[in-house]
Amino acid sequence: MAASDSSFIHWRFAAQGLFDLKQALKKQGIQLLVLHAEFIEFFERLLEYVDVKIVYSHCETGNQVSFNRDKHVAAYLKMKAVIWKEYQRDGVVRRLKSRKAWPANWYQTMHNSLFASASLKFSELRLPVPFLNAFEIPDFPIDDKARFQPGGRQNGLKYLNSFLQERVVGYVKHISKPAESRRSCSRLSPYLAWGMLSMREVYQAVERQKKLQPERRFQLKFFQERLRWHCHFIQKFETECRMEFHNLNPVFNQVRTQTNERILEAWKAGATGFPLVDACMRCLKATGYINFRMRAMLVSFITHNCWQPWQAIAPYLAQLFLDYEPGIHYPQIQMQAGSSGTHIIRTYDVVKQSYKQDPMGNFIRLWVEELKDLPLAFVHEPWKLSREDRMKSIPSYPEPVVDLKQSRQFAQQELWGLKKTKQAKEYNQYLLNLLTNQGS
DNA sequence: AAAGTTTTTTC
DNA sequence: AAAAAACTT
């Protein structure tokens, strides 16, 4: 876990998964060590009891904090003459030379057979109790009232099965809707992010389902394409990790540099005065999940309409997303903020989205308590109420923090202006070669 | 398979 | 027909 982006919900989800795994293995008579510590501190003491020759791990596409940790670990293990073997994850390649064959290679990787854990041979390792106690994760209290998805591989498999057998029916239709997507999307993202399910096993399960239910091929294939995009973005971040902090195209460095704390706080609290924006934020805070389109809208609103630097909101969202995945997080935020240069600038109209994605206003009414008794037209646009009615019926709901039309026009003008400069276009050519699959 | 495509304007 | 602008899933 990267310290800078860590949060309570991540910790809880991860811990739940580990205890789940520990219980499952205990039934088979295998005692799994679930320990928690900084690697070097732990390993240094472990070496007092065991002669370790090789360390295995997956190849993590993390953020700067985890990258620095890995560099320390690599140097330390080299010094101890221990081999560190990292396995490629999800078709994401370290030090990738060219992306040209990436999509084809990804599909190939997804079809390769799964690693057969059953063939592993374990031998008993005896460690003294005080050593174990020093690193043991304490029992983790599960809050029954919390509305986050439950951790653990077993829960991940439940989501996978219910998605493939039932929920996928509405996948394409509901993918952009904040309410319906909660059921019709797979909801596998946290299990994938935390390694409780592997990308390849999910892909192959979908492949099997396509054969079982040819009538659902369209939806299932669409989902597989989403899985590929998932990895596509992680690969981008693997190749260009500076995008955690810097605009991908430096031409954008000259604008949107000042923060406005009042506006940032309003957005973080779900109190911007724009019902769908506020509903999405409040829902995300309560459940750790909001669908992709609404994430894009939240970022578009704060970076374009509110003209806030994306760097000011990236760690906050990382903490809220139960499925936080650095390799998706930063490319997506820059894409929605329009700072990648190579992507078109999407400036969502949050009112239009409101009418389109939540036509009956049900999602808004569910999450923005203040608006639940308003007639439909005002649920989308409460500022249309007369001042008198507003004071009477929604006294605690805030006025809009920005002028939607004006702010949108300003952002478009600024960003398109920069995007069209010679400097931006030249740098984009470099980025296209580096980060897309058409490059040389 | 560049997570842009469609519509409008200009030549 | 090409370029620019408008507007998106």
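Numbers restart at 1 for each chain; the letters A, B, ... are given by sequence-line order, proteins then strands. Both backbone and side-chain heavy atoms feed into the values below; hydrogens, waters and symmetry mates do not.
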Next item on the list: State whether Arg295(A) and Asp323(A) are salt-bridged, where the test is any N-O pair (Lys NZ or Arg NE/NH1/NH2 against Asp/Glu carboxylate O) under 4.0 Å.
Entry: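 Asp323(A) and Arg295(A): salt-bridged.
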Checklist line | Salt-bridge criterion met for Glu86(A) and Arg94(A) (N-O under 4.0 Å) | finding: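 So Glu86(A) pairs with Arg94(A) through a salt bridge.
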Which whole-number value in Å describes the distance from [X] [atom1] to [N] [atom2]?
| X | N | atom1 | atom2 | value |
| --- | --- | --- | --- | --- |
| Gln413(A) | dA4(C) | CD | P | 17 Å |
| Leu415(A) | dA6(C) | CG | P | 14 Å |
| Glu414(A) | dA5(C) | CD | C1' | 17 Å |
| His343(A) | dA1(B) | NE2 | P | 14 Å |
| Glu225(A) | dA1(B) | CD | P | 9 Å |
| Ile345(A) | dA5(C) | CD1 | C1' | 12 Å |
| Asn433(A) | dA1(B) | CG | P | 18 Å |
| Arg228(A) | dA3(B) | CZ | P | 8 Å |

Checklist line | Candidate pair Arg390(A) and Glu399(A), rule salt bridge (charged side-chain N to carboxylate O under 4.0 Å, His left out), full reasoning | finding: CA-CA 10 Å; Arg390(A) 221 157 47 219; Glu399(A) 299 275 314; 3.0 Å; yes
Checklist line | ring centroid sep under 5.5 Å plus plane angle under 30, Trp416(A) with dA5(C) | finding: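 No; by the centre-distance and plane-angle rule, Trp416(A) does not count as stacking on dA5(C).
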Next item on the list: Walk me through it: do Arg242(A) and Glu240(A) pass the test salt bridge (charged side-chain N to carboxylate O under 4.0 Å, His left out)?
Entry: CA-CA 6 Å; Arg242(A) 74 189 169 85; Glu240(A) 197 67 349; 2.7 Å; yes
Which listed nucleotide ([options]) is nearest to the side chain of [X]?
| X | options | result |
| --- | --- | --- |
| Leu432(A) | dA2(B), dA1(B), dA3(B) | dA2(B) |
| Thr436(A) | dA3(B), dA1(B), dA2(B) | dA2(B) |
| Pro103(A) | dA3(B), dA1(B), dA5(C) | dA1(B) |

Applying a 4.0 Å non-hydrogen cut-off, can you work out what [X] is touching in the nucleic acid: base, sugar-phosphate, or nothing?
| X | result |
| --- | --- |
| Phe222(A) | nothing |
| Leu431(A) | nothing |
| Lys356(A) | sugar-phosphate |
| Gln353(A) | sugar-phosphate |
| Arg226(A) | base |
| Trp102(A) | nothing |

Checklist line | Within residues 230-238 of chain A, residues whose heavy atoms come under 4.0 Å of DNA chain B | finding: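 Listed by number, they are His232(A), Phe233(A).
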Checklist line | Dot-bracket notation for DNA chain B, counting Watson-Crick and G-U pairs under 3.5 Å, with | for partners on another strand | finding: ...|||||||.
Notebook entry, point to check: How many angstroms lie between CZ in Phe13(A) and OG in Ser7(A), if you round to the nearest 0.5 Å?
Noted result: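 Going from the CZ atom of Phe13(A) to the OG atom of Ser7(A) covers 12.0 Å.
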Item checked: Minimum side-chain heavy-atom gap Leu418(A)-Glu414(A) below 4.5 Å ->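 The answer is no; the side chains never approach within 4.5 Å.
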Check: What about Gln412(A): does its side chain form a donor-acceptor pair under 3.5 Å with the base of dA6(C)?
Finding: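 Flag unset: no donor-acceptor pair detected.
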Checklist line | Spacing of the P atoms in dT5(B) and dA1(B) (rounded, Å) | finding: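 That atom pair is separated by 8 Å.
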Next item on the list: Between dA3(B) and dC7(C), how far apart are the C1' atoms? Round to whole Å, please.
Entry: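 Nearest-Å result for dC7(C) against dA3(B) at atom C1': 16 Å.
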Next item on the list: Determine whether the side chains of Asn428(A) and Thr342(A) contain a donor N or O and an acceptor N or O closer than 3.5 Å.
Entry: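 Side chains of Asn428(A) and Thr342(A): no pair found under 3.5 Å.
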Note to self: I need the single residue from Leu371(A), Asp358(A), Val351(A) that forms a side-chain contact (heavy atoms from CB on, under 4.5 Å) with Pro275(A). Which is it?
What the structure shows: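 Of the listed residues Leu371(A), Asp358(A), Val351(A), the side-chain contact (heavy atoms from CB on, under 4.5 Å) partner of Pro275(A) is Leu371(A).
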Check: Name the one of Val368(A), Ile364(A), Asn305(A), Val402(A) that satisfies side-chain contact (heavy atoms from CB on, under 4.5 Å) with Phe274(A)?
Finding: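 Option passing the side-chain contact (heavy atoms from CB on, under 4.5 Å) with Phe274(A): Val402(A).
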Margin query: Between Tyr203(A) and His111(A), is the ring centroid distance below 6.0 Å?
Written below: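 That pair passes the under 6.0 Å test.
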Notebook entry, point to check: Between Leu164(A) and Gln209(A), which heavy-atom pair has the shortest distance, and what is it?
Noted result: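 For Leu164(A) versus Gln209(A), the nearest heavy atoms are O-NE2, 3.5 Å.
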